[in-house]
There are 2 protein chains.
Amino acid sequence: MTVQSGRRERKKAATRQKIADTALRLFLERGYEAVGIREIAAEADVAVTTLFSHFASKEALVFEQDADFEHRLAQAVTGRAPDEPLMPALRREMHAMVRHCTADGAAPVWRMIDGSTSLREYEESMRLRHAKSLAAAIAADPGLSRTATACRTIAGFVVDAHALAREAADPEAAVDEIFGMIEAAWESTAT
Amino acid sequence: MTVQSGRRERKKAATRQKIADTALRLFLERGYEAVGIREIAAEADVAVTTLFSHFASKEALVFEQDADFEHRLAQAVTGRAPDEPLMPALRREMHAMVRHCTADGAAPVWRMIDGSTSLREYEESMRLRHAKSLAAAIAADPGLSRTATACRTIAGFVVDAHALAREAADPEAAVDEIFGMIEAAWESTAT
DNA sequence: TTTCGATACCCTAACCGTTAGTGTTACGGT
DNA sequence: ACCGTAACACTAACGGTTAGGGTATCGAAA
């Protein structure tokens with residue numbers, strides 16, 4: 001486990017980025033389903049197998065920075081100020097995430113996602129992962145003693161909030177509305 | 001639109017059933033991923049295209065009676081007694097559904113589902129559909145005036161309850177625990 | 001410096017779910 | 001008795017994904 005930043009890792013990162021950029025460009029130009037893997041690989045000047053060594057599936061090309069999102073919610077729980085209650089921290093993070101997804105320039109990507117069944121399904125499977133890690137983070141906090149079922153329920157609720165808010169007319173207001181409900185559910189489980 | 005029960009419809013139903021039975025048998029014998037579509041079709045003595053005219057995908061072979069489930073929750077809302085509150089009706093239906101899924105004999109099937117990524121993803125996409133129709137049913141009830149976001153949030157919550165309860169050590173108790181949270185969330189939106 | 005293991009990449013050829021295209025049969029209403 | 005059509009069949013392909021097996025470049029130990 002040596003430190004990073006050898007020429008190798010830089011080249012690898014560059015290849016990955018080139019693939020992702022090429023794919024996104026082609027997808028936006030001609031539509032997700034209309035662009036094939038072999039074509040993306042050719043345009044990015046890599047072999048198909050190389051593409052799949054960087055991305056586990058065609059859908060993963062679109063959700064390139066999924067791994068970031070994966071941890072942000074969990075971090076919001078484990079990294080919050082020692083005396084801060086859970087819900088405000090989660091609400092704040094959710095606001096930031098929703099703002100990020102509804103920023104200018106992101107719209108075409110989301111339109112593309114909503115237009116493809118397989119992309120929507122992939123996004124759902126991501127939510128399951130996110131909910132799982134969030135539930136683990138909540139369950140691990142010694143300050144909040146709740147049952148495993150309660151943690152998982154709340155976690156599922158929170159990640160769903162992201163999807164629901166994205167589709168709402170006023171995403172920011174939707175986050176607040178949903179979090180009102182989440183807090184009521186959460187407090188109903190207080191011992 | 002003539003009435004049913006011609007020889008034709010019986011034959012069609014028989015073909016569909018034979019395909020589903022064959023598929024489930026092979027899946028349980030040798031594992032979901034280890035059995036190919038061509039093999040199922042051959043064993044059921046139909047053409048591959050015929051199989052796909054009855055089932056939209058390989059996963060749909062496993063969730064054969066999905067369509068039933070699709071409407072049960074919505075029915076629980078629209079078909080409840082005129083004066084019955086929403087939540088008890090949903091809770092009752094959810095109890096019935098969970099009991100059905102945890103009945104003896106269903107265990108191997110669920111073990112198979114949990115063992116396959118594509119089956120789990122398919123189940124999730126079903127949940128989205130179910131949540132959508134449930135949300136529509138709730139939103140359509142004139143007695144419950146809630147925002148669209150609140151309806152969708154609660155609907156997502158309810159369908160998630162099914163998945164969470166199935167995985168819990170005591171599914172029936174989990175349903176009650178989760179519904180306690182759902183009711184708190186629901187009542188927090190009362191005008 | 002030389003050597004050497006690791007790894008990033010390449011190519012070919014397939015596998016598998018799924019669909020299009022094109023018939024053929026047999027049912028059901030007229 | 002006839003015809004429209006629904007159900008099914010066959011072949012061939014498409015597109016995502018993976019296996020198998022090879023080359024080259026990097027990084028570090030010898």
Side-chain angles (χ1 to χ4, degrees), chain A residues 1-20 22-24 26-27 30-64 112 116-123 125, chain B residues 1-20 22-24 26-27 30-64 112 116-123 125:
Chain A
M1 300 311 154
T2 45
V3 205
Q4 3 254 27
S5 88
R7 180 173 356 215
R8 217 167 200 167
E9 345 238 324
R10 257 180 296 119
K11 283 198 176 180
K12 180 174 183 177
T15 300
R16 180 192 160 92
Q17 198 60 43
K18 182 168 188 185
I19 294 171
T22 304
L24 193 58
L26 293 179
F27 287 159
R30 317 220 312 276
Y32 178 76
E33 335 256 308
V35 180
I37 286 288
R38 290 161 179 86
E39 192 179 352
I40 298 170
E43 184 89 5
D45 201 30
V46 295
V48 171
T49 46
T50 300
L51 188 154
F52 277 108
S53 80
H54 284 275
F55 299 92
S57 65
K58 186 185 182 186
E59 293 90 46
L61 287 164
V62 173
F63 297 94
E64 196 217 339
M112 173 180 87
S116 155
T117 304
S118 68
L119 284 177
R120 265 181 286 122
E121 288 182 357
Y122 186 84
E123 195 201 347
S125 76
Chain B
M1 301 313 150
T2 47
V3 207
Q4 357 258 24
S5 89
R7 185 178 351 221
R8 219 169 197 167
E9 344 241 325
R10 259 179 294 118
K11 281 199 177 180
K12 181 173 183 179
T15 300
R16 183 193 160 92
Q17 198 58 44
K18 182 169 187 184
I19 294 170
T22 304
L24 193 57
L26 292 178
F27 288 158
R30 317 218 312 274
Y32 177 76
E33 335 256 287
V35 180
I37 287 287
R38 289 160 178 85
E39 193 179 353
I40 298 170
E43 184 90 6
D45 201 30
V46 295
V48 170
T49 45
T50 299
L51 188 155
F52 276 109
S53 79
H54 285 275
F55 299 92
S57 66
K58 185 184 181 185
E59 294 91 44
L61 287 165
V62 173
F63 296 96
E64 195 217 337
M112 173 179 87
S116 157
T117 303
S118 68
L119 283 177
R120 264 181 286 122
E121 289 181 358
Y122 185 84
E123 196 202 347
S125 75

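Worth saying up front: this structure is predicted, and the values here are computed from it rather than measured. The sequence lines fix the lettering, A, B, ..., with proteins before strands; numbering per chain opens at 1.
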Extract from the structure each pairing of a protein N or O with an N or O of nucleotides 1-4 of chain C at less than 3.5 Å, listing the distance.
none

Between B/E64 and B/A20, the two heavy atoms sitting closest are CD-CB, 3.9 Å
For A/I40 and A/T22 the tightest heavy-atom approach is O-CG2, 4.1 Å
Pairs of donor and acceptor atoms involving the side chains of residues 30-38 of chain A, under 3.5 Å and at least two apart or interchain, shall be tabulated with distances.
residue: A/R30; atom: NH1; partner: A/E39; partner atom: OE2; Å: 3.0
residue: A/R30; atom: NH2; partner: A/E39; partner atom: OE1; Å: 3.3
residue: A/R30; atom: NH2; partner: A/E39; partner atom: OE2; Å: 2.7
residue: A/Y32; atom: OH; partner: A/E59; partner atom: N; Å: 3.3
residue: A/Y32; atom: OH; partner: A/E59; partner atom: OE2; Å: 3.4
residue: A/E33; atom: OE2; partner: A/S116; partner atom: OG; Å: 3.0

Using OP1 and OP2 only, check whether a side-chain N or O of [X] sits under 4.0 Å from [N].
| X | N | result |
| --- | --- | --- |
| B/T15 | D/dA7 | no |
| A/H54 | C/dC9 | yes |
| B/T50 | D/dA9 | yes |

Could you check which residues of residues 31-44 of chain B get a heavy atom under 4.0 Å from DNA chain D? Sort them by number, please.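 Contacts with DNA chain D under 4.0 Å: B/R38.
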Taking [atom1] from [X] and [atom2] from [N], how many angstroms apart are they, rounded to a whole number?
| X | N | atom1 | atom2 | value |
| --- | --- | --- | --- | --- |
| B/L51 | C/dG17 | CG | C1' | 11 Å |
| B/D45 | D/dC8 | CG | C1' | 11 Å |
| B/K12 | C/dG28 | NZ | C1' | 15 Å |
| A/K18 | C/dC9 | NZ | C1' | 14 Å |
| A/K11 | D/dT25 | NZ | P | 8 Å |
| A/R30 | D/dG15 | CZ | C1' | 14 Å |
| A/E9 | C/dA8 | CD | P | 8 Å |
| A/R7 | C/dC9 | CZ | P | 15 Å |

Of the nucleotides D/dG16, C/dG28, D/dA9, which one has an atom closest to the side chain of B/A47?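 Per side-chain heavy atoms of B/A47, the pick is D/dA9.
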When you measure from the side chain of B/K58, which nucleotide among C/dT18, D/dT17, D/dA9 comes out closest?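 Given the options C/dT18, D/dT17, D/dA9, the side chain of B/K58 is closest to C/dT18.
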Would you please name every residue forming a side-chain contact (heavy atoms from CB on, under 4.5 Å) with B/A60, sequence neighbours left out?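 side-chain contact (heavy atoms from CB on, under 4.5 Å) check on B/A60 returns B/F55, B/S57, B/Y122.
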I'd like to know if A/R8 reaches the base of C/dA8 with its side chain, counting only an N/O donor and acceptor under 3.5 Å.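 Flag unset: no donor-acceptor pair detected.
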pair [X]-[Y]: side-chain heavy atoms closer than 4.5 Å:
| X | Y | result |
| --- | --- | --- |
| A/I19 | A/R16 | no |
| B/L119 | B/E123 | no |
| B/K58 | B/F27 | yes |

Report which part of the nucleic acid A/T49 touches: base, sugar-phosphate, or nothing (heavy-atom distance under 4.0 Å, all strands). base
Scan A/V48 against the nucleic acid and name what it touches under 4.0 Å (heavy atoms): base, sugar-phosphate only, or nothing. base
Looking at OG1 of B/T15 and NZ of B/K18, how far apart are the two atoms once the value is rounded to the nearest 0.5 Å?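 Answer rounded to 0.5 Å: 8.0 Å.
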Any side chain to side chain donor-acceptor pair (under 3.5 Å) pairs touching residues 41-53 of chain B, not counting sequence neighbours?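 Counting only pairs at least two positions apart or across chains, the side chain to side chain donor-acceptor pair (under 3.5 Å) contacts touching residues 41-53 of chain B are B/R25-B/E43.
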If the helix axis at each end comes from five base pairs, how far does the helix from C/dT1-D/dA30 to C/dT30-D/dA1 deviate from straight, to 10°?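 So the angle between the two local helix axes works out to 20°.
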